[in-house]
Structures are given as C-alpha cells and as structure tokens.
Amino acid sequence: MEPRTPAEWKTLFESEAFARQTEYYGPLGVEYPPAGTHLHLWAPTAKQAAVNLYRRGTGGACVGTLPLQQQDKGVWSIYLPGDQHGKYYDFTLTTPFGTCNAADPYARAAGVNGVRSMIFDPARVDPQGWERDVRPVIPPARRSIWEVSVRDFSQDPASGVHTAWRGKFLAFTQQGTTLSSDGIHPTCLNYLKRLGVSYVQLMPIFDFGSVDESRPLTRQYNWGYDPTNFNVPEGSYSTDPTRGEVRVRECKQMIAALHAAGIGVVMDVVYNHTSPDSILATGHPEFFLRDEAGNPTRKVADWSDVVDLDYSNRELWKYQIETLKIWAEIVDGFRCDVASAVPLAFWREAREQVERVRPGCIWLAESVHAAHTMAMRRAGYYCAADTELYDAFDITYDYDIWPYFEGCFQPTGTLREYTALVNFQESEYPAGYVKLRCLENHDQPRFASRVDSDEALRNWLALLYFEKGTTLLYSGQEYAPRHRVDLFNADDAYCDMRLDLQPYLKQLRQMKRTLPMSACFQLEAVEERAVVGRYDGPCSGHLRPEERWRQCGRRSARRHLHRPHHRPGGHRLRRRLRFGAGPGGHRLICPIGTKAGTASRQNWRI
C-alpha cells in the first residue's frame, strides 16, 4: 500500500527496503557530445517524468516537452539528438505529492535563479587559457587564510573596479585597481598579493536562494548559507545571470586569477542544510530530515531560513560527494559549514574520493561550540567533537575554547582560564593537530570592538600569530574596524578603515614562519594580564638564529628575537606578552637574549 501521510512517507524513506530498491551507481545529469545529449534523472518517487526545453535561461515559451523513459532504481532518461549546447531545460515530475517543475540537481549550469538547467559544451565555456591553470603549491607552514564574501570584496565604488564587475567574480581578475583610483593604494587582486595571504576563503559561491538573481545586487544582500543548487555557481556574482555559461566561465576566471597570483582557493560549502525551496527539496524530498508528523524540519529552531538534510539516506551521500568532486576540479580546499552535524563517516568517504580528483585538498571543519554539541546530543542528534573530526579534517575551528577566549573581555573570565584551555588542546588532540586561530570571522564581532585601545589590539594580534595553528583573518580586519556586517542586510561600508595594520601583520607573518609548529606548544598566564608562550621539544626544520624588524606605530622600536636555546632534542622559543590593566595601559614585554649569558627586557609600544 502506497504511503498517504507525511509520517508514512517518513517511514518509507528511512526503510532499508526503499534504499535497496533505489540504490543507483550510474551516470546522472547531462552527458554531452556534439552528436546528441543524454539526460539522466534519479527521481524514485516520480510516477511520470518529462523534460521541457527552452532557448533562454529566463522568459520565453517552452519549445517542446518530451517524456522521459523510466529505468531501474528510480532513474528516468532521455536522448536528445543533435548538438544541444546552449539549450535550457527543466523537468515536470508527477509524484504522490503532486505535480511540479524542477531543475536538474546534477546540472552544472543554469539560468536565472537556477530554475532552468543548461546543457553546455565545456570546451566552449571554459575561459581562454583555462587548460594552463596551475594550482599554487603552498607548504603547511606558510598557510594563512583570508575570508571574504565575493560581493563584499569589490562592491564599494572606491574599489576602483569596473562598475559592471563590482561585487562579481570578475572583480578578482582586474589588475591595477587602486583606492578611489588614486594610483597609490592597491585594491582587489593586487591588494591581496601585497597583504601576503596564501589562501582566500570564499564564502558560498554555489547557487543560493536568498538573493534574487533577476534584481540588482546593490539592492539585496546575503552571504549565501542557504544553498539551492550545489553544482552551479551563484548567478548574482556573474555579469549576466540569464546565461548559464557566463557564471561558469567567470567563476573559473576568478579562480584562475587567484592561482596566477600564487593564492589558493578554499571554498565554503554548506552540507548540513538547504534553502526550503532548493532543487533537492523539490526533486528529492527523501533527502530531508523530518519531524514526527513527516514534515521537513531543522535541528536548530532559530535557523528558520533552512531545512536540514538527512544523512541516513545513502543516496544523499553519493550526491554530495559528487558535488565535492566537481568543485575539487577547480578549487584547492573546502571549509565545511557546521561540519560537526554531518556524520564523520561521510566526511571520511568524501575525503577519500576527492583525493583522487584533487590530491592534497585542504579540509577545514567549522567545528562547533561545546554548548552546541551538548544541546544536539541532548536532543538525540548526532554531533561530532573536535577530537573525532581530526579523523577526516586537517584543520578545525577554535570554537571548543571560544567562550574562554571571549571571557578574557568579560568580568567573569580570566586570561589564565583561556591559556589553560589552549594547553588542554595540546594534550588532548592528535599529534600534528592544527587549529584555526582567529580573533574574528563572519559569525563573530569585529575584534577591535572588544578591546579599549589599538595597543591592546596589536598585542592580541601578536598572540594570535604566535599560537600554534593556521591563522585566519576576516576581510577588513587589517584595518581594525569595529562595525560588524549583518548576515542579511547590505552594508557597503563593511570595513570602517580606522587603522592600517598591514605593515604590522606582515611582520607577524614573517615571525609565524619561523615557529616550529611540530614542537610542543604552551601558554602560561604568569600574572593577571601576562602570558608566556613557548615551543619546546623536537621540531622539523630550523629557526633562523635571529630576526630583527622595525615596528610601526606612534613610537618605533626594534625587536630582537633571541637565538633559540639549543638543548638535546630540539629548540625552545619564548615570547612574553603583557596585557596591562586599565584603559591605554596595554604593553607587550619581550625578554631579549642577545649573547650567551646576557639578557635584557624592553618595553615596546605597538
């Protein structure tokens, strides 16, 4: 008997019998040769299926409707003779839930808002010279990440970017841009090269639902954590969202330009949930988490703009892994949103398959706060701890101890508590673990708003770079803004440029590269507001015996990094950071060893 209620459908979707009857491993989506195109759709709940053909990505009448042939395992197929390059299509599906039109979830290009999928010849769409794109080789010790939204990167008119390219993929390709065209202060790509970041982490660039691609980007805003089509680039970031080939070409042009500048690309992927009106929600209702009544639901009630995916469905695993493999052909790593909520076994399998496409791909997990982990587990949901995530990921967020970091700026917390938890990480996590160290990111307040002086800001930046792990800067942080950008509201002045920290960050980056990251790391709060940090034990590579540089600020001082103490078994490197109490009283104090048997102490304002 066929299910009739949402609850009955929920039972069917979760059954082993349904999985056995619909498990499929063949091709899906578009198979294009010039002689003719095959379309394959996996729609196990459909009773009838047809393809509707269009000449354009939006508007215009349907030029033909053809029935699909039902195959085994829930697959529907059709062959379209002749060269179909540039044709658009969608499917009409008749299911027990009713009749609906749906785009192809396996397509790689689409028209406006992803409503119509596109057939295209990759050779005619790839940008000129794409076959010569070379991914930069960046040693782990030199990794640093700069996070940015494509729109925020260039939307400000002062960026110097062509008007039609502002907020678009192509803004990353324009050379020679300067602030307000002053010819002095580089912006965009040249700015990134001068800043010295090794990876750009792009907030979602797949097709997302919260921005209407038929309207100007200047009048709407969203970061895009509500995916609608995982395989298609976001159309609002292209110069013409009506033409599916444009978004594909321009996305690749952006990536090629970053690669040519020696910068790797980490792509933000969201695999925990989708927009409620996503292509999967329409065509694959069996992929979604459902409440007891059988209706699509979410684990976190406050996330009202999304619905959660259900990873008990193995077909969902295959679909999502295929999308990762598609993007791994062009990007260098993935930042996985709310990775803790997705089964670790899925991430392990995904990593194994992606490695065949992109050897050395970087895997960054947005692990979650301990309170979130406990809340999910109390509700009966899966949520992985950081210690588990290292089985599949290279880097995890610092959220496991984030409340103690925030406590340093509240009356209830202390620096001693924070340093104790940093040391706990060193003892708890696997050897070679890497934490993402940041003072802010898109989900957190601007760090400059937490401290009462620019000197304190510099001190914390020094500690950030000295800590073991990979450093992340959120775009604009290098100008010490206090204003925080909202997820949903357009704010072109997202970076209130108060203070140019770039020379200082360059010096910290140079210092970071001398640290023995494989050695044992420890912080010690020796006084109420003072920290001693050190690396001890065997390490790979060698520290340069001495580093000297000039600090920038109201006073100039020269900092001497003493020779590492040579001991059996490795190196020891020590810095002393003092955070003085009271407004304006923050100082960084460094013990200096210049010759054997001598030492001095110097206060220096930063």
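Throughout, numbering of the chain's residues begins at 1 and tracks the sequence. Only this structure's heavy atoms are used, side chains among them; waters, hydrogens and symmetry mates stay out.
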Margin query: Is any side-chain heavy atom of Arg298 closer than 4.5 Å to one of His273?
Written below: no
Notebook entry, point to check: Where the side chain of Tyr390 meets the backbone of Val434, is there a donor-acceptor pair that is under 3.5 Å apart?
Noted result: yes
Check: What's the shortest heavy-atom distance between Ser340 and Leu389, and which atoms?
Finding: OG-CD1, 3.6 Å
Next item on the list: Start with the C-alpha distance between Phe153 and Leu202, add both sets of side-chain angles, then the distance that settles side-chain contact (heavy atoms from CB on, under 4.5 Å), and finish with yes or no.
Entry: CA-CA 10 Å; Phe153 182 69; Leu202 296 172; over 6 Å; no
Notebook entry, point to check: Strictly under 6.0 Å, is that where the ring centroids of Tyr535 and Phe466 end up?
Noted result: yes
Next item on the list: Indicate the atoms forming the closest heavy-atom contact of Gly167 with Val150, along with that distance.
Entry: O-CG1, 3.8 Å
Item checked: Heavy atoms from other residues, nucleotides or ligands near OH of Tyr404 exceed 12 (cutoff 6.0 Å) -> no
Check: With no hydrogens and no angle check, is any side-chain donor or acceptor of Thr173 less than 3.5 Å from a backbone partner on Met254?
Finding: no
Notebook entry, point to check: Yes or no on side-chain contact (heavy atoms from CB on, under 4.5 Å) for Leu189 and Leu258, after CA distance, side-chain angles and deciding distance?
Noted result: CA-CA 8 Å; Leu189 185 62; Leu258 288 166; 4.0 Å; yes
Next item on the list: Please report the C-alpha distance between Tyr311 and Gln320 in whole Å, then the side-chain angles of each, then the deciding distance to 0.1 Å, and finally whether the side-chain contact (heavy atoms from CB on, under 4.5 Å) criterion is met.
Entry: CA-CA 10 Å; Tyr311 278 84; Gln320 297 290 55; 3.4 Å; yes
Next item on the list: Answer yes or no: is there a side-chain heavy-atom contact under 4.5 Å between Ile255 and Phe169?
Entry: no
Note to self: Quick one, Met376 with Thr373, criterion side-chain contact (heavy atoms from CB on, under 4.5 Å). Give me CA distance, side-chain angles, the key distance, then yes/no.
What the structure shows: CA-CA 5 Å; Met376 290 298 98; Thr373 301; over 6 Å; no
Note to self: Could you check whether Glu322 pairs with Lys325 (Lys NZ or Arg NE/NH1/NH2 to Asp/Glu carboxylate O, under 4.0 Å)?
What the structure shows: yes
Notebook entry, point to check: Could you state the interatomic distance from CG (Asp308) to NZ (Lys299), rounded to the nearest 0.5 Å?
Noted result: 4.0 Å
Check: If you look at every heavy atom in Ile395 and Leu436, which pair is closest and at what distance?
Finding: CG2-N, 3.6 Å
Notebook entry, point to check: Can you check side chain to side chain donor-acceptor pair (under 3.5 Å) on Thr187 and Thr177, steps first, answer last?
Noted result: CA-CA 5 Å; Thr187 62; Thr177 57; 2.7 Å; yes
Next item on the list: Can you sort out the partners of Tyr199 under ring pair (Phe, Tyr, Trp, His ring centres under 6.0 Å), two or more places apart, ordered by chain and number?
Entry: none
Check: So how far is it from Phe405 CZ to Gln410 CD, rounded to the nearest 0.5 Å?
Finding: 10.5 Å
Note to self: So, taking the atom named CD in Glu388 and the one named OG in Ser367, what distance separates them when rounded to the nearest 0.5 Å?
What the structure shows: 11.5 Å
Notebook entry, point to check: Within the distance-only criterion (no hydrogens, no angle test), does the side chain of Ser144 pair as donor or acceptor with the backbone N or O of Val197 below 3.5 angstrom?
Noted result: no
Notebook entry, point to check: What closest approach, in Å, do Pro204 and Tyr237 show between heavy atoms, and which atom pair accounts for it?
Noted result: O-CE1, 3.7 Å
Margin query: When you compare the side chain of Ile330 with that of Met267, does any pair of heavy atoms fall below 4.5 Å?
Written below: no
Notebook entry, point to check: For the side chain of Trp327 and the backbone of Phe230, is there at least one donor-acceptor N/O pair under 3.5 Å apart?
Noted result: yes
Next item on the list: Give, for atom CZ of Arg498 and atom OH of Tyr479, the distance between the pair rounded to the nearest 0.5 Å.
Entry: 13.5 Å
Notebook entry, point to check: Are the side chain of Asn190 and the backbone of Gln175 linked by a donor-acceptor contact shorter than 3.5 Å?
Noted result: no
Margin query: Name the residue from Thr470, Thr396, Asp398 that meets the side chain to side chain donor-acceptor pair (under 3.5 Å) definition with Lys435.
Written below: Thr396
Next item on the list: Work out which heavy atom in Cys383 is nearest to a heavy atom in His372; give both atom names and the distance.
Entry: SG-CD2, 4.2 Å
Next item on the list: Would you mind checking if Lys252 and Asp133 are paired as a salt bridge, meaning a charged N to carboxylate O distance below 4.0 Å?
Entry: no
Margin query: Suppose we call two aromatic rings close when their centres sit under 6.0 Å apart. Are Phe409 and Phe447 close by that rule?
Written below: yes
Item checked: Whether Gln201 side chain and Val265 backbone form a donor-acceptor pair below 3.5 Å -> no
Next item on the list: State, with a plain yes or no, whether a side-chain heavy atom of Ser475 is found less than 4.5 Å away from one of Trp146.
Entry: yes
Checklist line | Salt bridge present between Arg450 and Glu440 (N-O < 4.0 angstrom) | finding: no
Checklist line | Qualifying residues under side-chain hydrogen bond (donor to acceptor under 3.5 Å, both in side chains), relative to Arg142, sequence neighbours excluded | finding: none
Check: Does some side-chain heavy atom of Arg458 sit less than 4.5 Å from a side-chain heavy atom of Leu499?
Finding: yes
Item checked: Backbone N/O of Asp443 and side chain of Arg484: donor-acceptor pair under 3.5 Å -> yes
Margin query: Using a strict threshold of under 4.0 Å (side-chain N to carboxylate O), is an ion pair present between Arg335 and Asp268?
Written below: yes
Next item on the list: Assign the ring pair Trp223 / Tyr225 to parallel, tilted or perpendicular, where the plane angle (0 to 90°) is split at 30° and 60°.
Entry: perpendicular
Item checked: Leu344 backbone acceptor or donor facing Tyr382 side chain under 3.5 Å -> yes
Checklist line | Side-chain heavy-atom pair Tyr271, Leu324 within 4.5 angstrom cut-off | finding: yes
Notebook entry, point to check: Given the rule in the side chain to side chain donor-acceptor pair (under 3.5 Å) test, do Asp400 and Tyr429 qualify, once you have shown the distances and angles that lead to the verdict?
Noted result: CA-CA 12 Å; Asp400 53 331; Tyr429 294 134; 2.3 Å; yes
Check: Rounded to the nearest 0.5 Å, how far apart are CD1 of Ile321 and CG of Leu316?
Finding: 9.5 Å
Note to self: Within the supplied structure, the quantity of interest is the number of heavy atoms (other residues, nucleotides, ligands) at a distance under 6.0 Å from Lys506 NZ; does it exceed 12?
What the structure shows: no
Next item on the list: Identify whether the distance between the nearest side-chain nitrogen and carboxylate oxygen of Arg351 and Asp391 falls below 4.0 Å.
Entry: no
Notebook entry, point to check: So do Trp303 and Val338 actually touch side chain to side chain, heavy atoms under 4.5 Å?
Noted result: yes
Margin query: Quick one, Cys361 and Phe334 - any side-chain contact, counting heavy atoms below 4.5 Å?
Written below: yes
Checklist line | Minimal non-hydrogen separation, His259 against Pro136, with atom names | finding: CD2-CD, 3.5 Å
Next item on the list: Could you give me the CA-CA distance, side-chain angles and deciding distance for Asp152 and Tyr221, then say whether side chain to side chain donor-acceptor pair (under 3.5 Å) is met?
Entry: CA-CA 10 Å; Asp152 290 344; Tyr221 186 83; 2.8 Å; yes
Check: Quick one: salt bridge (charged side-chain N to carboxylate O under 4.0 Å, His left out) pairs with a partner in residues 460-479, sequence neighbours left out?
Finding: Glu426-Lys468
Margin query: When you measure from the side chain of Asp394 to the backbone of Ile362, do you find a donor-acceptor pair of N or O atoms at a distance under 3.5 Å?
Written below: no
Notebook entry, point to check: Is a donor on one side and an acceptor on the other found under 3.5 Å between the side chain of Gln174 and the backbone of Ala171?
Noted result: no
Item checked: CZ-OG distance between Arg143 and Ser198, expressed to the nearest 0.5 angstrom -> 8.5 Å
